[in-house]
Amino acid sequence: APAPADIGVDSGIVKYELITAPNPFNPTQGYQDTSVMGVALFQVLEGEKLKVETFPGKTTAQVTGFTNAVQIYER
């Protein structure tokens, strides 16, 4: 997925899988031990607005777009 700093109006809807982070107290644990906790959708809109929705327990394959639970934030 693109870096958040690289997302703009022309990017359309961007999906990110939300994963568990490695245990900071066990530096030998790498990202191979992560699991998907859900998905976050983002879309940058004109007028410094950001469309956001999260889908706990879903994978990117299970999320096709925003629902009526979407939130729009304005800067």
Side-chain angles (χ1 to χ4, degrees):
D6 296 335
I7 297 172
V9 174
D10 295 334
S11 301
I13 297 173
V14 178
K15 295 182 189 181
Y16 289 106
E17 281 190 333
L18 306 173
I19 61 171
T20 56
N23 183 343
F25 301 105
N26 182 0
T28 62
Q29 179 189 9
Y31 281 98
Q32 70 274 9
D33 296 328
T34 62
S35 60
V36 176
M37 302 301 292
V39 172
L41 291 186
F42 296 94
Q43 184 176 14
V44 176
L45 305 174
E46 295 288 342
E48 295 194 29
K49 294 181 183 177
L50 180 65
K51 204 172 183 180
V52 179
E53 188 170 358
T54 58
F55 299 84
K58 302 282 185 183
T59 65
T60 55
Q62 295 172 304
V63 177
T64 58
F66 292 106
T67 70
N68 61 354
V70 68
Q71 298 288 312
I72 298 178
Y73 297 92
E74 187 171 354
R75 188 179 213 196

- Nearest heavy-atom pair of F66 and Q43: which atoms, and what distance? CE1-OE1, 3.6 Å
- Item | Note, Y16 side chain near P4 side chain (heavy atom, < 4.5 Å) | yes
- Donor-acceptor contact present, side-chain K58 to main-chain V63, <3.5 Å: no
- Task: Specify the closest pair of heavy atoms between L41 and K15, including all atoms of both residues, with the distance to one decimal.
- Result: CD2-CG, 3.1 Å
- Item | Heavy-atom closest pair, residues V44 and I7 | CG2-CG2, 3.6 Å
- Say whether M37 and F55 are linked into one hydrophobic cluster, either directly or through other cluster members, by side-chain heavy-atom distances under 4.5 angstrom. no
- Item | For T59, side chain to side chain donor-acceptor pair (under 3.5 Å) partners two or more places apart | Q62
- Task: Please identify each residue that fulfils side-chain contact (heavy atoms from CB on, under 4.5 Å) with K49, with sequence neighbours left out.
- Result: L45, I72, E74
